[in-house]
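If you read the sequence from its start, that first residue is 1, and numbering goes on from there.
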Amino acid sequence: MPSKSSARLAALTVAAVCSAAAAAQIVVLPTPAHADTVRIHDIQGDTRISPYAGKQVTDVTGIVTGVRTYGSSRGFWIQDPAPDADPATSEGVFAFTSSTPKGVAVGDAVTVSGTVSEYVPGGTSSGNQSLTQITRPAVTVVSGGNPLPAPATLDARSVPAAYTPAGDPAANGSVNALPLRPAQYALDHYESLEGMNVRVADTRVVGATDPYTELWVTVKPREHRTHRGGTVYGSYDAQNTGRLQIQSLGRAADFPDANVGDTLAGTTSGPLDYNQYGGYTLVANELGTLTAADLRRETTREQRTGELAVATYNVENLDPLDGTFAAHAAAIVNNLKSPDIVSLEEIQDNNGATDDGTVAADRTMAGLIDAIEAAGGPRYDWRSIDPADKSDGGEPGGNIRQAFLFNPDRVSFTDRAGGDATTPVDVAKVRGRAALTLSPGRVDPASEAFENSRKPLAGEFVFRGRTVIVIANHFASKGGDQGLTAQYQPPSRSSEDQRHLQARAVHDFTAKILKAQKSADVVVLGDINDFEFSTTTDLLEGDGTLWSAIKSLPESERYSYVYQGNSQTLDQILISPSIRRSGAFSYDSVHINAEFHDQISDHDPQVLRFRP
């Protein structure tokens with residue numbers, strides 16, 4: 001079987017021959033005046049950094065394969081229709097014009113002169129790879145209406161299974177100077193096609209269309225497939241090499257509203273770009289036809305009489321000005337079946353992002369409680385603690401916090417006064433049982449672990465005479481981490497440092513509860529902002545103190561969030577040994593948001609049912 005590079009060379013050579021035969025349609029590109037005239041593959045070189053970076057180049061020839069007239073990176077792509085024999089050297093490059101390109105169109109044969117540069121989308125601090133481009137281009141159009149170079153096909157056979165080589169230790173882990181091995185590593189393969197015309201066919205959507213008219217597909221339909229058509233991210237060593245972002249050079253209004261599991265039928269083709277928010281991206285001149293998979297929002301079962309249902313739900317910066325109250329209420333009533341206790345994350349204060357010192361969230365909570373009752377649910381009660389202004393992170397001015405909803409017809413809340421933004425809750429032993437000194441109370445609010453981050457909220461509940469202690473969390477976000485496609489491999493996950501401190505603090509507090517009462521029923525839940533296989537989760541679990549119950553599900557169902565086409569776990573419910581040993585629990589990740597383009601939150605809620 002011929003190699004991928006050989007197939008690409010053959011296809012492009014055939015295209016050139018066919019084009020020459022159609023003399024009425026194409027003018028042959030001018031012959032270089034000097035033997036040392038620079039071609040596109042010379043500019044791209046066989047590493048990620050151009051050997052011509054910072055230098056002037058003159059009369060670089062190519063066919064225009066795409067023109068971008070929007071955004072901050074305007075310009076056009078050109079591709080040499082006569083490739084060299086090296087599979088590591090790309091035949092395409094982007095000409096950056098800064099303003100809307102004029103005088104060039106797809107199919108033009110052009111010569112371009114300008115300065116070669118390496119542009120890092122997102123800035124050098126992002127850790128992203130750089131994009132080779134020609135800046136301040138002077139362009140001469142030789143002819144128009146030429147056939148485009150035949151696109152290289154991206155599919156399960158052409159994209160390697162291995163993701164990327166380890167970075168060069170001498171360069172702080174950067175892969176920039178390493179020779180590309182496109183037959184061995186997926187990121188090298190994509191880099192070897194940077195700027196070139198590529199195609200995918202009949203690809204499944206693994207990341208729903210977002211507000212920026214982007215979606216994600218997989219060119220490897222069998223790669224870690226979820227039971228609903230996504231691609232599960234189950235370990236740091238399984239990055240899912242078939243994922244690819246799709247944008248369009250067409251009108252935003254023409255971009256399809258796709259959900260996970262849908263298919264872009266037929267061919268999607270265009271230049272292969274690299275951008276800040278997803279790495280390698282096919283910018284489509286030709287977009288496949290959306291074929292819907294008719295994915296439905298899930299509904300969990302209702303809890304039985306003797307079961308306590310506890311849920312966690314990140315409602316994404318909910319404040320009184322939002323128009324999503326009715327939708328969230330319908331989700332809680334109809335899809336979650338009105339859990340007895342709901343830990344809510346990202347409840348904002350009464351005026352949302354307005355930064356005027358307001359910290360109370362009673363209007364936000366009242367709006368949600370009223371909407372739930374209007375949707376046919378119970379009249380929930382609630383407990384929370386207002387944070388100190390601008391001390392808990394999140395959207396500036398929003399003062400997000402966790403809050404408990406609970407159904408007073410099925411469960412009661414044990415109030416113990418004194419909890420506020422800065423007073424830590426502790427554990428007491430009362431008549432042989434663990435009890436919180438404050439309820440609700442905040443866990444270790446002065447600790448550096450929770451600086452500029454949400455403080456855990458602990459509350460004591462009683463269900464059918466049995467005490468259940470619930471600790472609601474919203475750990476530090478992954479902001480600042482390097483992306484999977486970063487130039488540094490493995491990428492840095494610097495945000496983990498704070499989450500590790502937070503995990504230790506919550507684990508240690510839980511251990512105090514279990515020291516006071518070994519058989520205590522404790523539920524630790526929320527937006528942990530880390531995976532079930534992460535060190536963060538390991539630290540939370542400790543030596544059997546807690547266990548993440550999402551691990552009771554098959555691996556293909558372990559996800560609550562979809563990011564860059566990876567279905568992954570960020571929201572978790574961890575349980576104490578008494579709950580786990582009983583075996584009388586069930587867990588459900590209720591997929592109502594993350595896989596859908598019309599989501600009301602970017603997180604899926606989780607529900608645990610058990611018999612205390």
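No hydrogens or angles considered: a donor-acceptor pair under 3.5 Å links the side chains of Y587 and Q606. Between the side chains of Q487 and Q129, no donor-acceptor pair is found at a separation under 3.5 Å. S495 and D481 share a donor-acceptor pair across their side chains, judged by distance under 3.5 Å alone. Side-chain contact annotation: Q489 with T164, donor-acceptor N/O pair under 3.5 Å absent. At a cut-off of 3.5 Å, with distance as the only test, a side-chain donor of Q348 or N317 sits close to an acceptor on the other residue. When only modelled atom types and interatomic distance are considered, T536 and D530 share a side-chain donor-acceptor pair under 3.5 Å. With no hydrogens or angles considered, a side-chain donor-acceptor pair links T537 and Q572 at under 3.5 Å. No hydrogens or angles considered: a donor-acceptor pair under 3.5 Å links the side chains of T485 and Y274. When only modelled atom types and interatomic distance are considered, N275 and Q245 share a side-chain donor-acceptor pair under 3.5 Å. Residues S560 and D604 have side chains that never bring a donor and an acceptor to within less than 3.5 angstrom of each other. Side-chain contact of E373 with Y380: a donor-acceptor pair under 3.5 Å is absent, judged by distance alone. Side-chain polar atoms of T423 and D420 form a donor-acceptor pair below 3.5 angstrom. Judged by distance alone, the side chains of S343 and E345 do bring a donor and an acceptor atom under 3.5 Å apart. Side-chain N/O atoms of S589 and E557 include no donor and acceptor closer than 3.5 Å. Side chains of S578 and D521: a donor on one and an acceptor on the other come within 3.5 Å. In summary, the side chains of T358 and D356 do present a donor paired with an acceptor at a separation below 3.5 Å, with no hydrogens or angles considered. At a cut-off of 3.5 Å, with distance as the only test, a side-chain donor of H507 or T545 sits close to an acceptor on the other residue. Between R609 and T300, the side chains place a donor N or O and an acceptor N or O closer than 3.5 Å (distance only, hydrogens not considered).
Annotation: side chain of T535 is in contact with side chain of H500 (closest heavy-atom distance under 4.5 Å). Using a 4.5 Å heavy-atom cutoff, the side chains of E346 and Q402 are not in contact. Looking at heavy atoms from C-beta onward, L501 lies out of side-chain contact with S447 at the 4.5 angstrom threshold. For the pair L308 and Q303, the minimum side-chain heavy-atom distance is 4.5 Å or more. Side chains of F610 and V468 form a contact here, defined as non-hydrogen atoms less than 4.5 Å apart. Looking at V607 and V310, their side chains never come closer than 4.5 Å, going by heavy atoms from C-beta outward. Counting heavy atoms from C-beta outward, V205 and W216 have side chains that stay 4.5 Å or more apart. Side-chain contact between T467 and E460 is present, with at least one heavy-atom pair separated by less than 4.5 Å.
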Check the pair Y236 / S534 against side chain to side chain contact (heavy atoms under 4.5 Å, CB included), numbers first and verdict last.
CA-CA 9 Å; Y236 293 124; S534 66; 3.6 Å; yes
Show your reasoning for whether side chain to side chain contact (heavy atoms under 4.5 Å, CB included) applies to V206 and V217.
CA-CA 5 Å; V206 293; V217 300; 5.5 Å; no
Determine whether L608 and I575 satisfy the following criterion, side chain to side chain contact (heavy atoms under 4.5 Å, CB included), listing intermediate values before the conclusion.
CA-CA 9 Å; L608 172 79; I575 56 178; 3.5 Å; yes
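Of the possible polar contacts, one joining the D349 side chain to the N351 backbone as a donor-acceptor pair under 3.5 Å is found. Distance alone, capped at 3.5 Å, places no donor-acceptor pair between the N473 side chain and the P456 backbone. Looking at D322, its side chain does come within 3.5 Å of a backbone N or O of D319 through a donor-acceptor pair. Put simply, the side chain of N259 never gets that close to the backbone of A208: no donor and acceptor are under 3.5 Å apart. No donor-acceptor pair under 3.5 Å is formed between the side chain of N128 and the backbone N or O of A486. Without hydrogens or angle criteria, S601 side chain to N314 main chain gives a donor-acceptor distance under 3.5 Å. Without hydrogens or angle criteria, T437 side chain to D426 main chain gives a donor-acceptor distance under 3.5 Å. Distance alone, capped at 3.5 Å, places no donor-acceptor pair between the R464 side chain and the G306 backbone. At least one donor-acceptor pair closer than 3.5 Å links the side chain of Q502 to the backbone N or O of A476. Here the side chain of R243 pairs a donor or acceptor atom with the backbone of Q564 at under 3.5 angstrom.
Exactly one of D392, D389, D386 qualifies for a salt bridge (Lys or Arg N to Asp or Glu O under 4.0 Å) with R401. That residue is D386.
Crowding of Q276 atom CD: a count of heavy atoms from other residues, nucleotides or ligands under 6.0 Å exceeding 12. The neighbour count for F585 CZ, taken as heavy atoms of other residues, nucleotides or ligands under 6.0 Å away, is above 12. Y277 OH: 12 or fewer foreign heavy atoms inside a 6.0 Å radius.
For the atom pair OG of S412 and CG of D340, the computed distance is 11.5 Å after rounding to the nearest 0.5 Å. Between atom CG of residue L574 and atom CD1 of residue I528 there is a gap of 6.5 Å, rounded to the nearest 0.5 Å. For the atom pair CG of N240 and OG1 of T231, the computed distance is 5.5 Å after rounding to the nearest 0.5 Å. In this structure, CG on D527 lies 4.0 Å from NE2 on H474, to the nearest 0.5 angstrom. Between the OG1 atom in T281 and the CG atom in L244 there is a gap of 7.0 Å [rounded to 0.5 Å]. Here K551 contributes atom NZ and E555 contributes atom CD; the two are 11.0 Å apart, rounded to the nearest 0.5 Å.
Ionic pairing of R410 and E307 is not present here: no N-O contact between side-chain nitrogen and carboxylate oxygen is shorter than 4.0 angstrom. Using a 4.0 Å cut-off between charged nitrogen and carboxylate oxygen, K337 and D588 do not count as a salt-bridge pair. Using a 4.0 Å cut-off between charged nitrogen and carboxylate oxygen, R499 and D497 do not count as a salt-bridge pair.
Within the cation-pi definition used here (under 6.0 Å to the ring centroid, within 45° of the axis), K478 qualifies as a partner of F531. Cation-pi contact between R454 and F475: absent, since separation from the ring centre below 6.0 Å together with deviation from the ring axis within 45° is not met.
If you look at F461 and F404, their ring centroids are closer than 6.0 Å. For H591 and F596, the distance between ring centers is not under 6.0 angstrom. Residues Y559 and Y233 place their aromatic rings such that the two centres sit no closer than 6.0 Å.
Contact between L336 and I332 at its shortest, heavy atoms only, is CB-O, 3.4 Å.
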